[in-house]
Each structure stands twice: as structure tokens, then as C-alpha cells.
Amino acid sequence: MAVLDIRRKLAILADAAKYDASCASSGGEKRDSVGGKGVGSTEGMGICHAYAPDGRCISLLKILLTNFCIYDCAYCINRVSSNTLRARFSVKEVVDLTLNFYKRNYIEGLFLSSGVIRNGDYTMEEMVRIAKSLRLEHDFRGYIHLKLIPEASPELAAEAGLYADRVSINIELPRDDSLKSLAPEKDVGDIKRAMGRMRLAIDERAEPARKAARKTFARSQSTQLIVGADAAKDGDILARSASLYGAYRLSRVYYSAFSPIPDASHRLPSARPPLLREHRLYQADWLMRFYGFAQPEIIGEGEDLDLSVDPKTAWALRHRDRFPVDINLADRETLLRVPGLGAKAVDRILLARRQARLTIDDLRRVGAVVKRARAFVVAEGWTPGMATDGEHLKARLVEPAQLSLF
Amino acid sequence: MRVVRLSSEIDFDGWRRAARDLRAEGVSPETVIWTVERDLFEAAPIEKPAPAARAFTVPPAFVELARSVVLHRSSERLSLLYRLLWRLEREPRLIDNPADPDVAKARDMAKAVGRAIHKMHAFVRFRLVETDPETYAAWFEPAHRVTEAAAPFFARRFTNMTWTILTPDACVAWDGASLKVSDGADPAEAPSEDAQEELWRTYYASIFNPARLNERMMRQEMPKRYWRNLPEARLIPQLIETAQERAAAMVAASPSPAPDRVLKAALRQARDGSYNGDVPTSLDEVAAAVQVCRRCDLWRDATQGVAGEGAAHAPLMFVGEQPGDQEDLAGRPFVGPAGQVFNQALEEAGVPRDRTFITNAVKHFKHEPRGKRRIHKTPDRGEVQACRWWLDAERRLVRPRVIVALGATAAHAVMGKATPIAANRGRPLQLPDQGQAVVTYHPSFLLRLPDADARERARAEFVEDLRLAGELARLID
Ligand code: SF4
Ligand code: SF4
């Protein structure tokens, strides 16, 4: 095989990594390079250093160590049966690329994943070597996110946790039966057990008693679910997320619209990625995490979200009897359930109304989406009136389909 | 009309001094004109020295707000701030009212300034200008006058690097020890292209997925005004232009057929995937088989099946209800909080744990997700019945002399019928298979009792029951 130069490798191994959406760089511990030898800092919120024309944030150098893989997951471009070009980085190449990019302020750090070569342990070991070299040899204090290989030994996973800010394992498919047919060599039990062990390790290190003695250890884990590759309904996907959040304290579940890949497998739909559906799932996920909604309230298992309105509006339309809500009186929980009111706007409403009764114009100034909220609130000098019967109202709240591109 | 001259566009201290004096003097906002004179050598001259008498205070939130609003490029910013200060005299809580138009406007400006700082942190692109020692420089055009405000971030991040950031407003330089600020620079002074930029562009082009083109979103987050200083931005028009075609080609491409090995693997999986129904002949087999058991639905949301563990032919077997949160994660029975209560009681009773066998009536954790926690749910009769298959296998393989059922669910599973604890604890019960049973509380029941006295009493009874079982099993005498 011809030797590829670093640029060709980067093109292949970044291309192969782009279907993984779980790459935010937030939630690291706060640190900087003062008093150190190398470069790097993390200050809580990750920074997006660029945006690709797909509107996605580019925060980390997101690459695979190699896209050779002995497995055959149907949704994956790196599966053994795909006719894609293959490449493999050396440890040093990844370390150099990371540092060179970091020093020029292109990135927040490294997101490293890999196809499985030889076996899980061998692959994981190589990945850990990269993180270790960055941290120990170069005193790199930027962000590192390592993807765990589920079947790698628990000791290696624990070592990965020593150098990474975040680790993740992708469950990918919301339903166990589809995991079985589309990723035949992957064992959902392996994945869950690895996540379980990681949560115990993260919990243990986070215990106040251990904090003083503790070395830095990964703060969080996350996972990704692919949307639209199997027959799972939105309700099934959200139920899976709810279960994962509860079990492994994931900081995030990422949803990734199944995207056509070059040289697709015949086992999968060849279609444009369901971007709007992905967007609605993120909205629903937020409702679960920050707005006090339980999954069954949003959507039942076996059902799909209404794509034409956001899930909070859909909920409000199903519960017309709970509206209108008086923005000058209602408590926080109730306000959070009003369409058009985000968590920030709600906090500002609570502040502002201590001084004066709020009008609809005030709502706009505190950052609410008045167009959406109007039909559901009572404010000083404003009642929604008669035009609020179901279908009529819904028709007015349907968003122009900005997200269905093409 | 009063004219106030500040020494620079971001001269917050000058503004503060002047505003303080003006308000003390009672000069109303409509009659003040704020200007900046860059080449001023003295501090802003105020016609009359301020009467020190009317000192006043303002909420810290205002000072903080003003500090960032000053950095905004709007020419109204200084008069807006003074108007706010003026109004604060009569409306001391004004600043806490985000619905007030002046406050809202100032907040919007502060937000824009914050965003400009954030974008500067994100979009500055250093170029290597000297290799020995490694020295970097960047040319940048911030949306507001935030260069000085944004600089400390770079000092924290690139402490051990030498670098300069040039902007039209000001330049900041870091020599490894301190930040130096100097006058603005000219675009002609921008450093020339860095060799890594070609690699960076390669990365940028490769990480983009043409099937997800979303130009609006990109422009919103990376406004065009920044593009000319971003080395990767020159690729954007072409990436957008070819995106449709590339995506369409991927959708249209005919899929490759699955190779033989995949079909084989699928077959193998189908065979191994579910338990084949044979009676297990060893404890290892039980442990492996509960991982793939589908006799009820509890496996689905659990991490793993938790089979029993302990001495292979233990004379004494404990049966709990089901694994809890910690047991589910660790894959071992009785390691969570209830397990600790249990261990302690066992020790007090003098029963050696390593000579017993410990398991649960149900092998998967039944629960309900509630945010970042899982709430325990009692398994129903059908689930207990389904899982008895495994419990019975463990009983058959271990052949204990005595079985202790911990809690009502376990009692039901062990005795085969509802066996209330209160009425049956404290004495040996006969089992159909020659063995004996003792029923007692579940350790988590002890944890849940709110009343301290009742808890102490129940705990004493619990230890007593364990001792009785130990004696029956001849583990203690
Ligand atoms: S194991 Fe990972 S890299 Fe390999 S085919 Fe499956 S998803 Fe792709
Ligand atoms: S709880 Fe028992 S019966 Fe139900 S799936 Fe798990 S092992 Fe099988």
C-alpha cells in the first residue's frame, strides 16, 4: 500500500469521524497553563472555533486513529465491508497535529475515536498512548475526549479516564433488536456494562472525601443515538435516553440523523438525513433535562413527535385546559411549560415582575418568543381571546420548514 | 450643554469619574454630550471640581453592566449609561428590571460585547512568525472594542508561548510573563500565511457533511464579517456549491451487497443471542445465561443481569429482592447501601459471608428513570415467577441447608406463596425439598424506617434472624 502523506490521512480520518455528533468540549474541569510547561486551558464552556457549512460547531480535532475496522456495523462507513479508502495515524502524528492546531487557536482539544483493529484492547491501548503522551510529555491542558471501545478491558477504560475530560461509548441504535441486526458484532450488554463501570469510576472520584487526593479524572460521559437508521419511533428513542440518563448520569445524549454515506450498506435506507426530526428530538431532550417534563408526557413509546411544531407547543396544544397562564402570577414550573418561554426568559420574568406588572411588550424584552407565547399567556392589558381553539391555533404556530433543506 | 471628553473609546474610569460628578451636580442626561479625544494628555477636564458632599452608591450589577457596555461600538453607549445612572437615583432597583427599555438596551449591548469577546476567543488565528523561540502573531478585527478584555484568556491558555494579537483598535503582546497593550495596527502589518493552514483547511473541508448543508446556521454563528481573517473561510463558497451534488450522489449510489461474513455473523448472533432453554448445569452457566435471558421485560432497561455469587456448595443461601442501582452497574449482588447494612448485620450475627451464597429473587434491576436517578420499583408477580427459573436453578446447584428470604418478594419466591414477614419471622420454616427457610426483613427496609426506635428494634430482630439461620446451617454454634 502506498504511504499516505499526513494531509491525505487527515482527509480520510476526519471524513470518517464526521458522522459522530457527540463532540462538544464543555464540562471539563477548569484549568489553564499557568505554572505549566505546555499549552492549554479549559474554562467550563467549550468554544466553537469554526462552523462548517452544515452549521455544526467545530471545537475539537475530531479524527479516528484508524478507519480500518474488523467489524461490520451497517450504518458505519468504516465497516469492514465498505469500499472506503483506509488510513492509520501513528501516535506521534496525532500528538503533533493536536499541538500544532491548538497553538494556532484552531481547536479546544482532541476528540479521538477509532475503528477496531486486531481487538478492542489493542485499539484502546493506542488511543490511551496518545492521550498519555499529550498530558505527560507535553503537559497539554486542553480538552481530550476519548471514545471507549466497549469490549476493551476495564483497566484500559479506567486509564483512559485518567487522561480524558470526557469519555463516551456510542449506543448508536435506540433499539436492542436493531443493534443486533445492524451491528452484529456489537453487544449491547458490553456497552452498558462499560458505561456502568465508568459511572462508578466517575462517581467515586467525584466524592468530596476523595477530591483532595484525586488525580484529574474524566468528569462525564456521553453517548450518541442514530436517528432514522432503524424502525425506532421518537418515543422509543426518548425512552432509551431517559433510561440512559438515569442509569449512567450521562451529561448528554446526542442524536445524529442517519446520513447517507458513500458506499452504503443495502441494509439501510438511502435517504436524506432526517434533520428536522433530529432537531425535534433535541428539543424534547431539553424538555426532559431542563424543563421538568417526563418522557411519557412528551411522547409515548411507539409514537413519533409531531414535526410541524416544537414538542413543548405540541404538549401545550394537547393541554389547552391548562392555559392561558398568567405571567404575573404563575410559578416557575408552570411558566417553564409555556411555549415560547425559555428558561432564561422565565428567570427574567420572575425578576422583572417584582417591580411592575408585565405586559406583552415586556415579554419581548426579556427574551421570550412572543409570537409563540401570545396565545398561551395572560399579561397586563392582554388576554389571548377567542382565537385559541385547537386547529386554528396550531395552524398559526406551525413553523416554516426552515430545517428541511434541499 | 455640557461636553465631556474621554481619553479613549474604552475609558471606563474616565466615564465613571465624569458621570459621578455630573450626577452629583444634578446635570440631567439630555444636556450632556459625550465625546472621545484620542490624543488627550490630561484626564478629562470637568469644568468645576465636584462637590464631594453628594456621594451615592449604585448596585454592583450596574457597574458590571457599564464596564462591558463601554466596549460597545455604538456612539450612544455613554449617554445611555449616564441616563441609567441618572434614573438609578429615583429607581434604585431599576437594574433588576430586565423589562425596562433602557435596561434592556444596555443588556443587549453588554450581550453583544460578551459575544464579541467570545468570538474573538474563538476566531483569532495565530501564525507562526519565528521558530526559535516559537513566536506567534495574529491579525484580528473584533466586532466591538474588546481586545484588552479578551486578552487575558489567551494569556491563560498560551502562557508558555510568545504571541501578539494585532487589531485596528489595539495590540496586545504576551512575552511569557506579562501582557502589554499598545495602539492599534494596520492590516498591512498582519503576519503572513502559516504552513499549518493548508492542513487546517483540509480538516475543515473533510469534517463537513454535505448531506447536512445548513448555510443559515453557519452564518448565524460565524458571521461573514469574520471570514476574511479565517484561513478556512475561503473554502466555504465552493463547499456550498458542490454540496447538493455530493449529497445526491451518495443517496443515489447503489448500496453494496452484504458480504458472506456478515451474514454468517448475523447467524451466529441469532444463535448465541438468546438463551436456548436448557436447564443450566453450573453456576457459571446461570451467570452467563441471565445476560441473555428474555423471560420477562426487565432486561431491557437494566445494565446487566446480576446472578448470585458465593461459595459453590454453601450451606446457607440468602435471597434478596432484586439488584439495585449500584448492583446493576457493578454486576454483583448486595454491593450498594443495603449491602452494607447486610454485611454489618451478618458480622454481628457471626455468620461468615464467604461461606454463604447470596442472590436475588429477580436478576435484573426494575426501576423508573427520574432525571439523573433511577427509582426502585418492586417487581410484580409475573416477573418474580419468570425469574424463579434462575433462582430454582441456583437452589438446585448450591443445595443449601437453609435459605434466608430477605423481604416479602423473596419470601414469596422462596416459599412459592405469599408469606408475610411479621407473622413468620424468627422461626425455621420447612421447605418441600428437605431444607429449611427463614424469612426476615430486607436490609433496605431497615434503611427506610423513619423512626429511630423502630429502626433499632427491627435491626436487632434482623441480626437475631441471621444468627438463627447461621445456627440452623451449622455455620455458628
Ligand atoms: S465498530 Fe465502530 S468503526 Fe467499526 S464498523 Fe462498527 S461503528 Fe464502525
Ligand atoms: S429479570 Fe429474570 S426473568 Fe426477567 S429478564 Fe432478567 S433474568 Fe430473565
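Heavy atoms only: backbone and side chains are in, while hydrogens, waters and symmetry mates are out. Below, read A as the first sequence line, B as the second, and so on, with proteins coming before strands; counting in each chain starts at 1.
At most 12 non-hydrogen atoms from other residues, nucleotides or ligands lie less than 6.0 angstrom from CZ of R332(B). Atom NZ of K372(B) has more than 12 neighbouring heavy atoms from other residues, nucleotides or ligands inside a 6.0 Å radius.
Comparing E197(B), R246(B), R219(B), K105(B) by heavy-atom pairs within less than 4.5 Å of chain A, the highest count is held by E197(B). The residue among S243(A), A247(A), G189(A) with the most heavy atom pairs within less than 4.5 Å of chain B is A247(A). Among E301(A), R353(A), R364(A), the residue with the largest count of heavy-atom pairs under 4.5 Å with chain B is E301(A). Contact tally against chain A (heavy-atom pairs below 4.5 Å) for W299(B), F154(B), F208(B): the top residue is F208(B). Chain A forms the most heavy-atom pairs under 4.5 Å with one residue out of R370(B), E198(B), R127(B), and that residue is E198(B). Ranked by non-hydrogen atom pairs under 4.5 Å with chain B, the options L351(A), L358(A), D139(A) are led by L351(A). Contacts with chain A were tallied for D328(B), I207(B), V103(B); I207(B) has the most, counting heavy-atom pairs under 4.5 Å. The most heavy-atom pairs under 4.5 Å with chain A, out of L128(B), T202(B), I236(B), L94(B), come from T202(B). Interface remark: of the candidates A14(A), S33(A), P53(A), P53(A) forms the most heavy-atom pairs closer than 4.5 Å to chain B. Counting heavy-atom pairs closer than 4.5 Å to chain B, the top-ranked of the candidates A242(A), A16(A), C48(A), G196(A) is G196(A). For the set I375(B), N97(B), T303(B), the entry with the most heavy-atom pairs within less than 4.5 Å of chain A is T303(B). Chain B forms the most heavy-atom pairs under 4.5 Å with one residue out of A17(A), G38(A), A294(A), and that residue is G38(A).
Between W200(B) and Y106(A), the ring planes lie parallel to each other; the angle is under 30°, not in the 30° to 60° tilted range. Taking the six-membered ring where the residue is Trp, F153(B) and H121(B) present parallel rings, their angle staying beneath 30° rather than reaching 60°.
For Y102(A), the side-chain hydrogen bond (donor to acceptor under 3.5 Å, both in side chains) partners are R157(B), not counting sequence neighbours. A search for ring-ring contact (aromatic ring centres under 6.0 Å, His included) contacts involving Y136(B) returns nothing, not counting sequence neighbours.
Heavy atoms closer than 4.5 Å to chain B are found in the backbone of L250(A), but not in its side chain. Interface remark: E232(B) contributes side-chain atoms only to the contact with chain A (heavy atom separation under 4.5 Å). For L363(A), no part lies near chain B; criterion is any non-hydrogen pair under 4.5 Å. Only the side chain of D194(B) has a heavy atom closer than 4.5 Å to any heavy atom of chain A. The contact between R354(A) and chain B is made by backbone and side chain atoms together, counting heavy-atom distances below 4.5 Å. Interface residue R348(A): backbone and side-chain heavy atoms are both found under 4.5 Å from chain B. For A122(B), the parts sitting under 4.5 Å from any heavy atom of chain A are the backbone and the side chain alike. Heavy atoms closer than 4.5 Å to chain A are found in the side chain of L239(B), but not in its backbone. For chain A, the nearby part of M161(B) is the side chain; its heavy atoms alone come within less than 4.5 Å. For chain A, the nearby part of D325(B) is the side chain; its heavy atoms alone come within less than 4.5 Å. Proximity to chain B (any heavy atom under 4.5 Å) is shown, for K103(A), by both the backbone and the side chain.
Between the K192(A) side chain and the A302(B) main chain, a donor and an acceptor come within less than 3.5 Å of each other. Checking side-chain atoms of R141(A) against main-chain N and O of G40(A) turns up no donor-acceptor pair under 3.5 Å. Between the D15(A) side chain and the I12(A) main chain, no donor and acceptor come within less than 3.5 Å of each other.
Between E221(B) and K119(B) a salt bridge is recorded (basic side-chain N to carboxylate O distance below 4.0 Å). The existence of a salt bridge linking R87(B) and D102(B) is confirmed by a sub-4.0 Å separation between a basic side-chain nitrogen and an acidic carboxylate oxygen. Under a 4.0 Å N-O distance rule, the pair K18(A)/D54(A) does not qualify as a salt bridge. Between D203(A) and R249(A), at least one side-chain nitrogen of the basic residue sits less than 4.0 Å from a carboxylate oxygen of the acidic one, meeting the salt-bridge criterion.
With E93(A) as reference, K9(A) is the one residue of R8(A), K9(A), R7(A) to meet the salt bridge (Lys or Arg N to Asp or Glu O under 4.0 Å) rule.
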